[in-house]
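We count residues from 1, following the sequence as given.
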Amino acid sequence: MVRPYGLFMNRTVKGKIFSSFAVSVFLGFTLFVFGPSQIYFTNAAEFSYAYSEILKYCLFLFLVAAILSGLILLTLKNDFFEKGVSLLFAISFLLWVQGSIFLWDYGPLDGRLIQWKDFSYYGYIDTVFWLGCLFFALFKSKIVYRFASKLSIVLILTQLVTLSVDCYGAPKPSFKGYVFDNSEKFTFSKKRNVIILVLDALQSDVFQEIINEDRKFRNEFDGFIYFRNALAGFAKTYASVPFILTGHYYDNSIPIQEFIKRVYLDDSIPRLLKENDFRV
């Protein structure tokens, strides 16, 4: 009778380890790989760095989270282990749903405050759904535990497919293939310098009010010319800077990378400066 009992115990331990690390990997992957990666791929043009530069940090945090949460679950016994696996799966599932399905429109994310009171019904939906899933996972843990490990693997594979699609469709800005030489970044000429300050997300009328009220700030910009009508023209920095430096408005008739290359090479302040022997 010893051998069958030992075999049963061995299977139980293996099942416990598998369940622990399946849901732990699901949590770590959702939180530290899937979430950040999806944000990056769907907003690739907004980031100045390549995906490979953040992936190593994402993978490190993913491994730490998966291993630690898996080991913590293994220390739990009997019903506590079952409820722990169930709750961890529920949390991971909720994070995935919140970032993939419940994508509410809160208006343009351009720095202005979100008017939460206008979107309170989104909060009610989120709260009811989260509380419902967590209570179900806690009080019906036997049902959730039975499917948690397999569903974790299925949802991880689903996330991998989603990221593959997002990666394929993400724009590949040409500027990410270049690096700046910073060796002479703050080396200026003793005779002639042209310094252009583009104040991102600052209202022109606010700046005008500041220098009108306090001459100290006006004096600190002695020698500068303030182009108060040089407005961005776009809610996004990515399209605004070429507009300011070239005067050409992007009308979406051609890919933006092609537009940026064309206007900078044909008619722009940087080109004008280079033609007059300035180092740009």
Side-chain angles (χ1 to χ4, degrees), residues 36 39-40 42-50 53-54 104-120 171 173-280:
I39 291 172
Y40 182 91
T42 52
N43 300 274
E46 301 296 323
F47 297 100
S48 60
Y49 44 82
E53 296 179 58
I54 65 166
W104 309 124
D105 182 5
Y106 290 105
L109 301 178
D110 55 2
R112 73 185 74 177
L113 293 176
I114 297 175
Q115 301 301 315
W116 293 108
K117 64 179 184 299
D118 297 335
F119 305 104
S120 57
S174 60
F175 67 82
K176 294 189 180 183
Y178 300 89
V179 293
F180 287 106
D181 179 8
N182 292 321
S183 60
E184 296 182 335
K185 185 175 181 179
F186 295 108
T187 302
F188 297 102
S189 169
K190 294 180 179 180
K191 298 179 180 179
R192 292 195 306 163
N193 294 288
V194 176
I195 302 173
I196 302 172
L197 300 180
V198 178
L199 306 180
D200 193 8
L202 179 68
Q203 289 179 233
S204 184
D205 57 340
V206 173
F207 183 74
Q208 183 71 59
E209 187 176 329
I210 291 172
I211 60 177
N212 284 343
E213 290 181 353
D214 195 331
R215 294 197 62 83
K216 178 184 70 174
F217 294 112
R218 181 188 290 269
N219 294 335
E220 287 181 355
F221 287 99
D222 182 44
F224 281 84
I225 299 174
Y226 170 40
F227 298 97
R228 62 182 181 180
N229 294 320
L231 302 180
F234 295 90
K236 301 282 188 179
T237 302
Y238 190 58
S240 296
V241 173
F243 181 52
I244 291 172
L245 297 181
T246 69
H248 292 278
Y249 188 86
Y250 176 60
D251 61 4
N252 209 35
S253 59
I254 59 175
I256 191 167
Q257 278 292 300
E258 183 180 334
F259 167 79
I260 290 174
K261 181 178 181 180
R262 181 185 300 176
V263 295
Y264 271 125
L265 292 177
D266 291 347
D267 185 19
S268 67
I269 293 175
R271 172 164 181 166
L272 179 64
L273 291 172
K274 288 183 72 70
E275 288 175 347
N276 285 274
D277 298 323
F278 282 90
R279 188 177 67 245
V280 178

Side-chain atoms of residues 270-280: list all donor-acceptor pairs with protein atoms under 3.5 Å, sequence neighbours left out, distances to 0.1 Å.
{"from": "Arg271", "atom 1": "NE", "to": "Leu265", "atom 2": "O", "distance (Å)": "3.3"}
{"from": "Arg271", "atom 1": "NE", "to": "Glu275", "atom 2": "OE2", "distance (Å)": "2.8"}
{"from": "Arg271", "atom 1": "NH1", "to": "Leu265", "atom 2": "O", "distance (Å)": "2.1"}
{"from": "Arg271", "atom 1": "NH2", "to": "Glu275", "atom 2": "OE2", "distance (Å)": "3.3"}
{"from": "Asn276", "atom 1": "ND2", "to": "Leu272", "atom 2": "O", "distance (Å)": "2.7"}
{"from": "Arg279", "atom 1": "NE", "to": "Glu184", "atom 2": "OE1", "distance (Å)": "3.4"}
{"from": "Arg279", "atom 1": "NH2", "to": "Thr187", "atom 2": "O", "distance (Å)": "3.1"}

Check whether Asp267 reaches the backbone of Val263 with its side chain - one donor and one acceptor, N or O, closer than 3.5 Å. no
Measure the spacing between [atom1] of [X] and [atom2] of [Y] and express it to the nearest 0.5 Å.
{"X": "Phe224", "Y": "Ile196", "atom1": "CZ", "atom2": "CD1", "answer": "10.5 Å"}
{"X": "Tyr106", "Y": "Phe119", "atom1": "OH", "atom2": "CZ", "answer": "8.0 Å"}
{"X": "Ile211", "Y": "Phe217", "atom1": "CD1", "atom2": "CZ", "answer": "11.0 Å"}

Partners of Tyr49 by ring-ring contact (aromatic ring centres under 6.0 Å, His included), sequence neighbours excluded? Phe47
Name all pairs fulfilling the ring-ring contact (aromatic ring centres under 6.0 Å, His included) condition that reach into residues 183-207, sequence neighbours left out, sorted by first residue then second. Phe207-Phe221, Phe207-Tyr226
Can you list the residues that meet the side chain to side chain donor-acceptor pair (under 3.5 Å) rule with [X], with sequence neighbours excluded?
{"X": "Tyr238", "value": "Gln257"}
{"X": "Asp205", "value": "Gln203"}
{"X": "Asn252", "value": "Tyr250"}
{"X": "Ser120", "value": "none"}

Under the criterion side chain to side chain contact (heavy atoms under 4.5 Å, CB included), I'd like the reasoning laid out for Ile269 against Thr246: C-alpha separation, chi angles, the key distance, then a yes or no. CA-CA 6 Å; Ile269 293 175; Thr246 69; over 6 Å; no
For Ser240, side-chain contact (heavy atoms from CB on, under 4.5 Å) partners two or more places apart: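 Expected list: Ala232, Phe234.
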Apply side-chain contact (heavy atoms from CB on, under 4.5 Å) to Ser183 and list each qualifying residue two or more places apart in sequence or on a separate chain. Asp181
Sequence neighbours excluded, every pair satisfying salt bridge (Lys or Arg N to Asp or Glu O under 4.0 Å) that has a member inside residues 240-260: Glu258-Arg262
All pairs passing salt bridge (Lys or Arg N to Asp or Glu O under 4.0 Å) where residues 212-227 contributes a residue, at least two apart: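 Qualifying pairs, neighbours excluded: none.
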Which heavy atom in Pro242 sits nearest to a heavy atom in Tyr264, and how many Å separate them?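 Scanning both residues, the minimum pair turns out to be CA-OH, 3.6 Å.
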Got a sec: does the CD1 of Ile225 have more than 12 other heavy atoms crowding it under 6.0 Å? no
